[in-house]
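Note sheet for the following structure.
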Amino acid sequence: MFTLLKFGTLSFILTLVQGNVTPLEESVAGLTFESILPSDLGKGAAEAGWSLKCDPNHGLAGTVIKCSYTTAYVNANNWVGFFFDRQTSTSVFTKLPSNNGVVHFTTDNYIPGSYSFKLVDGGSRYVKVEAEYTVDKSTPTETLPTSTVVVTPTSTSTPVPPNEWLFAFNTNRNKFGSPDLSWSSYLETNAKSRSNAIAANNCNLGTPYNSNGAGLTIYKGYGNTTPTDIINYFFTGSQHYNNGYCYNNVNACQVFTQAAWRSSQYVGCASTKCGNTGYFVTTCLYLRPGNCNGVNYQSNNSPCGPFQPPSQ
């Protein structure tokens, strides 16, 4: 689910609901999470009427999985989620519109390891049934899946050296007591694919995406904007954060908390020009992801994964 921030040329924050005003800057915190309580695992699982079968039960990153389900009753809040091993929150989930059917998932760019699909009762929030899944290790000749979106030559931009991004990130993070990030070429590649897709869709930040378990912030700007400008902008959301809570402008706050998330260790960013419009879009991806189980960026007990890119 996307929630957008749109900023006009004035010095105050303006949320545009209608009209044809074109914002100069936009940003988005991209993760919506569903969570379960560890103490609720398996409660009610023996009850009749609940089933989940996912096929195949293992495969390389990029495999499409078909999950057939039945539920004892229809509830718009029943859902199936894809969980990293031992985690209790996920950004990859599907709400179930009926009491039986089929849902599909893809494991694009997921790191090798143990995962599970969980069918959750939207009323009690108990996990009724789960199915184990394994992302297999890639062969040495396998390459990182790339975006199929075709971007014209005018929609490209010159890559920015990682040190420019890291200096801006870590200078800001240190002000808020968070340790330095390290650069990930894996996350950079995926961020570039996402920026390319947005640019190819008229620079629409609402372009569907799958962050593959990574935290996400997106920025849309105009003209000659530097990495320092972009990252400083992410951290302006701190004015809407207080003692573990977001207020006033929650979207701007969640951009800040992801950028400052203490347990995040890796980042990769990439920009793409939006044709000849003068606009560009920048995507930054983070591992571990932030904004799960609340927005307390200072917590050392971040329950979300994956922990690191596969190449780190």
Side-chain angles (χ1 to χ4, degrees), residues 1-2 30-139 142 144-148 190 193-194 197 206-214 216 289 292-293 303-306 310:
M1 179 178 65
F2 273 94
L31 287 180
T32 299
F33 276 87
E34 285 283 0
S35 301
I36 57 174
L37 295 175
S39 59
D40 291 343
L41 283 171
K43 286 187 177 180
E47 295 178 10
W50 299 86
S51 68
L52 180 67
K53 182 178 180 180
C54 297
D55 184 58
N57 62 6
H58 72 94
L60 297 172
T63 300
V64 176
I65 304 105
K66 180 178 75 173
C67 293
S68 303
Y69 69 89
T70 59
T71 64
Y73 59 89
V74 177
N75 185 324
N77 291 318
N78 290 339
W79 55 281
V80 172
F82 186 55
F83 289 80
F84 188 62
D85 187 33
R86 296 187 300 277
Q87 301 308 305
T88 57
S89 291
T90 180
S91 62
V92 182
F93 60 89
T94 298
K95 294 294 179 72
L96 306 179
S98 63
N99 68 334
N100 65 83
V102 174
V103 292
H104 293 85
F105 294 84
T106 180
T107 58
D108 286 343
N109 302 331
Y110 271 92
I111 64 175
S114 298
Y115 296 80
S116 65
F117 292 97
K118 294 180 178 16
L119 173 55
V120 181
D121 178 0
S124 66
R125 297 187 65 83
Y126 294 161
V127 177
K128 293 295 187 177
V129 63
E130 60 184 318
E132 294 183 353
Y133 186 84
T134 301
V135 176
D136 296 332
K137 291 183 178 180
S138 303
T139 62
E142 187 165 335
L144 177 72
T146 57
S147 173
T148 58
N190 284 274
S193 294
R194 175 49 44 202
T207 302
Y209 73 96
N210 181 352
S211 64
N212 300 310
L216 169 73
C292 53
N293 283 15
C304 302

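Heads up: numbering here begins at 1 and tracks the sequence.
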Only counting residues at least two apart or in another chain, list the ones meeting side-chain hydrogen bond (donor to acceptor under 3.5 Å, both in side chains) with Ser51.
-> Thr70
With sequence neighbours excluded, what pairs up with Thr134 under the side chain to side chain contact (heavy atoms under 4.5 Å, CB included) test?
-> His58, Asp136
Once the angle between the rings of Phe105 and Phe82 is folded into 0 to 90°, is it parallel (under 30°), tilted (30 to 60°) or perpendicular (over 60°)?
-> tilted
Minimum heavy-atom separation for Gly213 to Pro289, with atom names?
-> O-CG, 3.2 Å
State which residues pass side chain to side chain contact (heavy atoms under 4.5 Å, CB included) with Val74; sequence neighbours excluded, sorted by chain then number.
-> Asn99
Atom CG in Leu52, atom NZ in Lys128: separation rounded to 0.5 Å?
-> 14.0 Å
Results of side-chain hydrogen bond (donor to acceptor under 3.5 Å, both in side chains) for Tyr69 - residues two or more places apart only | Ser98
Indicate the atoms forming the closest heavy-atom contact of Glu130 with Ser116, along with that distance.
-> OE1-OG, 3.7 Å
Between the OG1 atom in Thr63 and the OH atom in Tyr133, the distance rounded to the nearest 0.5 Å is 4.0 Å
Hits for side chain to side chain contact (heavy atoms under 4.5 Å, CB included) against Lys66, two or more places apart or cross-chain, chain-then-number order -> Val102, His104
Smallest separation among heavy atoms of Trp50 and Ala72, with atom names = NE1-CB, 3.3 Å
For Asn75, which residues count as a side chain to side chain contact (heavy atoms under 4.5 Å, CB included) partner, sequence neighbours excluded?
-> Tyr73, Asn77, Asn78
